[in-house]
There are 2 protein chains.
Amino acid sequence: MVQIPRTPASVPSPAPRAVPTSADVARLAGVSRATVSYVLNNASAVRISEPTRRRVREAAEELGYVPHAAARSLRAGHSRMVVMPAPTFPVGPLYHRFLGELQGALGRLDYTVVQYGTVGLPGDEAARVWAELRPVAVLVPGPGLGPQGVQVLKRSGARAVVTLGTEPVEGAHALLMDHEAVGDCAGRHLYDRGRRRIGVVVPREPGLGLFSAPRVRGVRRAVHDSDATVTELPLGYDERDAERLAARWDTLGLDAVFAYNDEYAMLLCRALQDAGVAVPGGTAVVGADDLMLGRLLRPRLSTVHIELPSARDLAELVDRAVRDPGAAPERHKVLGATLVHRESS
Amino acid sequence: MVQIPRTPASVPSPAPRAVPTSADVARLAGVSRATVSYVLNNASAVRISEPTRRRVREAAEELGYVPHAAARSLRAGHSRMVVMPAPTFPVGPLYHRFLGELQGALGRLDYTVVQYGTVGLPGDEAARVWAELRPVAVLVPGPGLGPQGVQVLKRSGARAVVTLGTEPVEGAHALLMDHEAVGDCAGRHLYDRGRRRIGVVVPREPGLGLFSAPRVRGVRRAVHDSDATVTELPLGYDERDAERLAARWDTLGLDAVFAYNDEYAMLLCRALQDAGVAVPGGTAVVGADDLMLGRLLRPRLSTVHIELPSARDLAELVDRAVRDPGAAPERHKVLGATLVHRESS
DNA sequence: TTGAAAGCGTTACCAT
DNA sequence: ATGGTAACGCTTTCAA
């Protein structure tokens, strides 16, 4: 592609044109840098004549001037950037949608959401890197941030640190996703339907232990002090592993299984049926997440519907925390779990 | 939470402690700011005595000093930030994984990937906002960036602009996802299996037209100059709409359907079966994306396996472009499409 | 081996 | 109504 320089034709200028600054705009418009700033930021405190405004605007347009965010926030001493590290665990469609809505909600409150792709640094190292951006708030999904990290972030000016996970972190606001409730919900349902020997699928995939462990605990809690038993069933997300598990199903002597989520449930369901295990006749199956696809299975999949926190509420929590950084960390239980009974249980 | 000031006990300091700067570190260590910079950046050009180095490091540690990225890149005149706007279309698991790998690959090349959550500005407005961050490269998935936007980005110092979509954009490197090939692959397969009246599902969901339109074109191309017909079938991603479509299936007189992707395929498959249409006996069904879950359907779903570009290759393309910004825009066709024949066709 | 000073692009204060 | 100037935090050249 040929470079077409806008600089006077006499100059050869093979070097790429430098990025225009507000000084360039000022020069072209014949005013001072201050005036440029006033005009472009619609400063109401000072009155600039209309012709001047036009000249400045035209000069900015002609040069293709774009303000330099770093310089601006350096000068201002603060920014409205919210850093959200990319989750380190495989994220389902539910959660994915939630993150999208959250971005939207924060955007509407005039924050700039930046999802930071942390390569794989250990928690408190990562916090340092995020802190270098001097975000006004940090929203951390999952674990990987300790009290140390929170300190680092706050010390470097973050007015709000919010974690979204299963455990609270000292010094940070916490949205606690109560995965035990999910397991409890499933366990209670299966028990009520007369099942007593309950299997619980534990995904082999790394990173999911965070969610699966509390879900297992929830099931155990649900049938605590009863005659029911709970058996953990490691399962990788692939057909062959499901087949292997189904092949030894009889030896396990289970009459129900909570399959971690709908995807694992569908996988296992199919394998069980292929192995000649009747669902729900021989074994009841319950998933979680209430995915559309679970409804398409035969039998239709019973599932734990999970209600994630409202993106708007979370955005407002962040905003509140930013406005009043001194306030005590809030702690909210989120994740409503309700059972949707269909045909597989 | 009680604020515990580290400042001398005599000072009341109810105001939050200011964020430490390199000047604070210098003062505490009893050296100049220059020395601090040298030590903390391991500058090899100058030799600093070991005791001094230690004093500086300890001072930085004690104050919890974290360098200010904005100030640094302002001074340096460039950064290694790669801005990747969040896709505006609903993104499937395939694409999601790809984006994750891409982040990793770029991170390994020492770029800092920042996924920018654009609220919903029209294309070239958005480009301005991205440009304010002065990224060294911009990676735009999907449409929403015109030649204007590319100009804005380049003028503000972006050394590489890469689009990942269906159409090339003037001035930008392009990774062209050939969705026509997906449709072509499906259409050819159905034709070869003797099907002549082919339906193509077109999702009603907004934002998906970008992919569905070329896929339809691909099917048409595959059966061009033959006796086969192609019928577009609008379908929303919900059970009732699928039911409605299935109810009038007989009147459509189709013997095959390419269902846009596996999820729509599963939805439609179930609705067809419920309506008494045999699959593949009466109607053959083909999906796309080769999801695990498609394999679990009965009959197992035939599908178009889609090969996304290698994240490493793309990262290297970006790196190459950054190193040589003057080079002509590269244009690569990506997206290998191969049919996986199972039982539904 | 270390320090002083300039400058990156902005904006807010204080003159004019 | 407009312009000069200083300062934000950092790196780097030059001088000691």
Legend entry - N-O pairing of B/Glu316 and B/Arg312 below 4.0 Å: yes

Legend entry - Pairing of A/Arg54 and A/Glu50 as salt bridge, 4.0 angstrom limit: no

Legend entry - Residue B/Arg47, side-chain atoms from C-beta onward, closest of C/dT11, C/dT10, C/dT1: C/dT1

Inset, instruction - Could you tell me whether B/Ser37 contacts a base, only the sugar-phosphate backbone, or nothing, with contacts defined as non-hydrogen atoms closer than 4.0 Å? - result: base

Legend entry - B/Leu40 CG - D/dT11 P separation (whole Å): 8 Å

Inset, instruction - In whole angstrom, give the distance that lies between atom CG of A/Asn42 and atom P of C/dT11. - result: 12 Å

Inset, instruction - Look at all strands and tell whether A/Ile48 reaches a base, only sugar-phosphate, or nothing, counting heavy atoms closer than 4.0 Å. - result: sugar-phosphate

Legend entry - Upstream residue (5' side of DNA chain C) when B/Ala76 and B/Val46 are each assigned their closest nucleotide: B/Val46

Legend entry - Between C/dA12 (P) and A/Arg72 (CZ): distance, integer Å: 10 Å

Inset, instruction - For the pair B/Val114 and B/Met84, evaluate side chain to side chain contact (heavy atoms under 4.5 Å, CB included) and give the outcome as yes or no after the intermediate values. - result: CA-CA 6 Å; B/Val114 150; B/Met84 201 162 69; over 6 Å; no

Inset, instruction - Ignoring backbone atoms, test whether B/Ser32 places a side-chain nitrogen or oxygen under 4.0 Å from the OP1 or OP2 oxygen of C/dA4. - result: no

Inset, instruction - Give a yes or no on whether a salt bridge exists between A/Arg320 and A/Asp324, defined as a side-chain N under 4.0 angstrom from a carboxylate O. - result: no

Legend entry - Under-3.5 Å donor-acceptor pair between A/Arg75 side chain and C/dT11 base: yes

Inset, instruction - Mind calculating the distance between CZ (A/Arg27) and P (D/dT2) to the nearest angstrom? - result: 20 Å

Inset, instruction - Using only heavy-atom distances, decide whether a donor-acceptor pair under 3.5 angstrom links the side-chain of B/Tyr38 to the base of D/dT13. - result: yes

Inset, instruction - Quickly work out the A/Arg54 CZ to D/dT2 P distance and round it to whole Å. - result: 13 Å

Inset, instruction - Rounded to the nearest angstrom, tell me the gap between atom CZ in A/Arg134 and atom P in C/dT10. - result: 20 Å

Legend entry - Check ion pair B/Arg57-B/Glu61 (N to O, under 4.0 angstrom): no

Inset, instruction - Describe the nucleic acid contact of B/Ser73 in one word from base, sugar-phosphate, nothing, applying a heavy-atom distance below 4.0 Å. - result: nothing

Inset, instruction - Figure out the CG/C1' separation between A/Asn41 and C/dC13, and round it to whole Å. - result: 16 Å

Legend entry - Interatomic distance where OH belongs to B/Tyr65 and C1' belongs to D/dG9 [whole Å]: 7 Å

Inset, instruction - Between B/Thr52 and B/Leu74, name the one whose nearest nucleotide on DNA chain C is closer to the 5' end. - result: B/Thr52

Legend entry - Side-chain-base donor-acceptor pair under 3.5 Å for A/Arg33 and C/dT10: yes

Legend entry - Residue met sooner reading DNA chain D from 5', once B/Thr35 and B/Ala71 are mapped to nucleotides: B/Ala71

Inset, instruction - Would you tell me if any nitrogen or oxygen in the side chain of A/Ser49 comes within less than 4.0 Å of OP1 or OP2 on D/dT2? - result: yes

